[in-house]
Amino acid sequence: MFLRIDHVGIACHDLEAKIAFFESTFGMTVVSREVNEEQGVREAMLHVADGPNGSSYIQLLEPLSPDSPVGKFLAKRGEGVHHVAFGVPDVAEAMGELGGKGIRLLDERPRHGSMGSSIAFLHPKDVGGMLTELVQAPPPRT
Ligand code: MC0
């Protein structure tokens, strides 16, 4: 079902400070910065590696407000791993398959994700305590 680990999302209080840390410590490069109002985050994608099934990233997430998902996570748990995202060929198909297995879907339909992707979340309580994201990459530009 999964093509790759697309990204690991890290919740942080100060996006710019955390970007500087990842750049200077690991030599990573920011490839995208976005504000996603629907998800309540300001986020940056830092490239890790390329593979036959696509690239993988670290995603740094700063909440837009305390009552957003990442804002609530920070208040409860502090900075750290917020979610793991798996690349899938077709997010709607993966949602149907996993929903059919009794995994609770946190989205009724795919939503807009980083870098033009389509995304959906699975309930952490149904995935061993890990908030899980499905990511379908956008079609390549022609
Ligand atoms: C909450 N829980 C988590 C968790 N957040 N467990 C693991 N990882 C997380 N990130 C646990 C809580 O500790 C609690 O367990 C239970 O789940 C219910 O949490 P809650 O605090 O009662 O409920 P809420 O209201 O905080 O909702 C949690 C939930 C929500 C995961 C349902 O955050 C959500 O719908 N997330 C999906 C959207 C999202 O996270 N968007 C931000 C990233 P206990 O045992 O204490 O009951 S957007 C993004 O990443 C985009 C931009 C992209 O990738 O492109």
Side-chain angles (χ1 to χ4, degrees), residues 1-23 25-141:
M1 162 172 282
F2 296 148
L3 298 171
R4 65 187 176 281
I5 291 182
D6 185 273
H7 65 264
V8 175
I10 312 281
C12 64
H13 292 290
D14 183 338
L15 184 63
E16 295 310 320
K18 208 58 77 184
I19 288 171
F21 171 80
F22 273 78
E23 283 179 337
T25 307
F26 301 122
M28 290 183 182
T29 307
V30 174
V31 293
S32 158
R33 284 172 191 259
E34 288 178 44
V35 172
N36 188 324
E37 299 278 353
E38 186 181 37
Q39 296 291 344
V41 293
R42 177 177 294 112
E43 53 96 354
M45 296 291 264
L46 292 91
H47 180 256
V48 175
D50 297 318
N53 292 321
S55 303
S56 59
Y57 305 90
I58 289 292
Q59 182 184 55
L60 300 176
L61 300 156
E62 182 189 294
L64 293 179
S65 70
D67 61 349
S68 63
V70 174
K72 288 203 272 186
F73 178 92
L74 280 172
K76 202 166 175 180
R77 300 183 178 212
E79 293 188 321
V81 174
H82 177 261
H83 66 266
V84 175
F86 295 100
V88 294
D90 184 317
V91 70
E93 198 176 295
M95 289 170 78
E97 188 176 334
L98 292 165
K101 290 179 178 174
I103 309 283
R104 275 171 290 170
L105 307 171
L106 294 171
D107 302 287
E108 287 177 9
R109 55 177 172 77
R111 296 182 187 278
H112 161 70
S114 188
M115 299 193 293
S117 61
S118 295
I119 63 171
F121 285 90
L122 309 177
H123 201 291
K125 292 290 174 193
D126 294 347
V127 193
M130 178 177 82
L131 178 58
T132 302
E133 181 183 334
L134 308 171
V135 181
Q136 179 183 340
R141 278 193 218 150

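In each ligand, atom 1 is the first atom listed, and ligand 1 is the first ligand listed.
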Q | atom 46 (O) of ligand 1 within contact range, any protein heavy atom under 4.0 Å | A | yes
**Q.** Pairing residues for Arg111 by the side-chain contact (heavy atoms from CB on, under 4.5 Å) criterion, not counting sequence neighbours
**A.** Glu38, Gln39, Asp107, Arg109, Ile119
**Q.** Numbered atoms and elements of ligand 1 in range of Gly129, under 4.0 angstrom, heavy atoms
**A.** 6 (N), 7 (C)
Q. To the nearest 0.1 Å, how far is atom 35 (O) of ligand 1 from its closest protein heavy atom, and which atom is that?
A. Leu106 CD1, 3.7 Å
Q.
At less than 4.0 angstrom from any non-hydrogen atom of Phe73, what atoms of ligand 1 do you find?
A. 9 (C), 10 (N)
Q. Within less than 4.0 angstrom of ligand 1, does Lys76 place any heavy atom?
A. yes
Q: Mark up the atoms of ligand 1 that fall under 4.0 Å of a heavy atom belonging to Arg77, in ascending order.
A: 2 (N), 3 (C), 6 (N), 7 (C), 11 (C), 12 (C), 13 (O)
Q) What are the atoms of ligand 1, with element, lying closer than 4.0 Å to any heavy atom of Gln39? A) 38 (C), 39 (C), 41 (N), 42 (C), 48 (S)
(Q) Heavy-atom contact check, 4.0 Å cutoff: does His7 meet ligand 1? (A) yes
Q: Check whether any protein heavy atom sits under 4.0 Å from atom 19 (O) of ligand 1.
A: no
Q: Quick one: look up the protein heavy atom nearest atom 37 (C) of ligand 1 and list residue, atom name and how far away it is.
A: Phe121 CG, 3.6 Å
Q. Do any nitrogen or oxygen atoms of His82 lie less than 3.5 angstrom from nitrogen or oxygen atoms of ligand 1?
A. yes
Q. Who's the nearest protein heavy-atom neighbour of atom 30 (C) of ligand 1, and how far?
A. Pro69 CB, 4.4 Å
Q: With rounding to the nearest 0.5 Å, note down the distance linking CD1 in Ile103 to OG1 in Thr132.
A: 8.5 Å
Q) Rounded to the nearest 0.5 Å, what separation is found between the SG atom of Cys12 and the NE2 atom of His82? A) 11.5 Å
(Q) Can you report which non-hydrogen protein atom sits closest to atom 51 (C) of ligand 1, along with the distance? (A) Ile119 CD1, 3.8 Å
Q. Do protein heavy atoms approach atom 39 (C) of ligand 1 to less than 4.0 Å?
A. yes
Q. Starting from atom 44 (P) of ligand 1, which protein heavy atom do you reach first, and at what distance in Å?
A. Lys125 NZ, 3.6 Å
**Q.** Heavy atoms from other residues, nucleotides or ligands near CD of Glu93 exceed 12 (cutoff 6.0 Å)
**A.** no
Q. Would you call Val88 and Val135 a side-chain contact if the rule is heavy atoms closer than 4.5 Å?
A. no
Q. Hey, is atom 9 (C) of ligand 1 touched by any protein heavy atom at less than 4.0 Å?
A. yes
Q) Got the closest protein heavy atom to atom 26 (O) of ligand 1, with its distance? A) Lys72 CE, 3.8 Å
Q. For ligand 1, which atoms have a heavy atom of Gly113 less than 4.0 angstrom away?
A. 55 (O)
Q: Report the relative orientation of the aromatic rings in Phe86 and Phe2; use parallel for angles under 30°, tilted for 30 to 60°, perpendicular for over 60°.
A: parallel
**Q.** Contacting atoms of ligand 1, where contact means under 4.0 angstrom from a heavy atom of Glu133
**A.** 50 (O), 53 (C), 54 (O), 55 (O)
Q.
Under 4.0 Å from a heavy atom of Asn36: which atoms of ligand 1 are those, numbered in the order shown and with their elements?
A. 52 (C)
Q: Sort and list the pairs that fulfil salt bridge (charged side-chain N to carboxylate O under 4.0 Å, His left out) and have at least one residue in residues 49-73, not counting sequence neighbours.
A: Arg42-Glu62
(Q) Would Ser117 count as being in polar contact with ligand 1, using the rule that some N or O on each side must be under 3.5 angstrom apart? (A) no
